[in-house]
**Q** 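For reference, the structure I am asking about is given below.
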Amino acid sequence: MISLKSVSHQYPGGLRIAFKDWQINNGDQWLLLGESGSGKTTLLHILTGILKPSAGDVQINETSIYNLSAKELDQFRGRNVGIIFQRPHLIKSLNISDNLVLAQSLAGLPTNLNRVNEVLTSLGIADKKKSYPNELSQGQLQRVSIARAVINKPALLIADEPTSSLDDKNATAVLELLLQQSGINQATLVVATHDKRVKDAFTNTYALS
Ligand code: ADP
Ligand code: MG
């Protein structure tokens, strides 16, 4: 369970963004809605331990994450949080399989090629495992980003505007995959978007104004 209490953030020289309290239960699937500039990325960074807010408390399973040491927080993030960025963050000189093995190794986990195959198969791109990122289409790359985010079975899966650069068909497919992958991996899902096409797929929404 994640809870956000009285959290607000002010970048140096910027306006204060106040976030209403939020409780996310394990296994929930949430849409985080807000126009561009409303604070979605800021809030995702606060939720995942990347950005300490100027005020307020963020608890994950009853631990206030910003009371952890930097090392504890890094370890916590590597083990528990999978992030899908707006554009895929992959190493161009490594093939798809090796990119996923790298994600295992960065989290301090042993190489597990069975897991790599399992994830790529569930995303329908097992035939691309020896391909390099520049040999894949944008829709396929987005699937690899999802694979990279779920490879270590994170408890929390976060996607920041995963559909904004995709056409309708790929946007729908990516959302279905996120919902499916959060189900398969029993991960809590939070998807930030300003994409109006996305809204109907989720029962829980948290709106920024
Ligand atoms: P969104 O993801 O909804 O588009 P952001 O969280 O990126 O919104 O930004 C919220 C506000 O904070 C915007 O006004 C943005 O300009 C500002 N902001 C974001 N990141 C920084 C930063 N690193 N330094 C200063 N201001 C920032
Ligand atoms: Mg953003």
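Computed from a prediction, not measured in an experiment: that's the story for all the values here. Just so you know, residue 1 is the first one in the sequence shown, and it goes up from there. Indexing begins at 1, ligand by ligand and atom by atom, following the structure's order.
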**Q** Among Val190, Leu179, Asp28, which one satisfies side chain to side chain contact (heavy atoms under 4.5 Å, CB included) with Phe202?
**A** Leu179

**Q** Quick one about Gln23 and Ser3 (side-chain donor to acceptor, distance below 3.5 Å, no hydrogens or angles considered), yes or no?
**A** no

**Q** Would you please write out the protein residues whose heavy atoms approach any atom of ligand 1 to under 4.0 angstrom, listed by chain and number?
**A** Tyr11, Ile17, Glu35, Ser36, Gly37, Ser38, Gly39, Lys40, Thr41, Thr42

**Q** Is the number of heavy atoms from other residues, nucleotides or ligands within 6.0 Å of CG (Leu15) greater than 12?
**A** no

**Q** For residues Thr42 and His9, is any side-chain donor paired with an opposing acceptor at under 3.5 Å?
**A** no

**Q** Can a side-chain donor-acceptor contact be found between Asn117 and Lys129 if the only test is distance below 3.5 angstrom?
**A** yes

**Q** Strictly under 2.8 Å of the Mg ion (ligand 2): which protein N/O/S atoms qualify?
**A** Thr41 OG1

**Q** Hey, does the Lys NZ or Arg CZ of Lys20 hover above the aromatic six-ring of Tyr206, less than 6.0 Å from the centre and inside 45° of the axis?
**A** yes

**Q** At their closest point, which heavy atom of Leu208 faces which heavy atom of Lys40, and how far apart are they?
**A** CD1-N, 3.5 Å

**Q** Identify the two heavy atoms, one from Ala149 and one from Leu157, that lie closest to each other, and give their separation to 0.1 Å.
**A** CB-CD1, 3.8 Å

**Q** Show the nearest heavy-atom pair for residues Ile146 and Gln181, with the distance to one decimal.
**A** CG2-CG, 4.0 Å

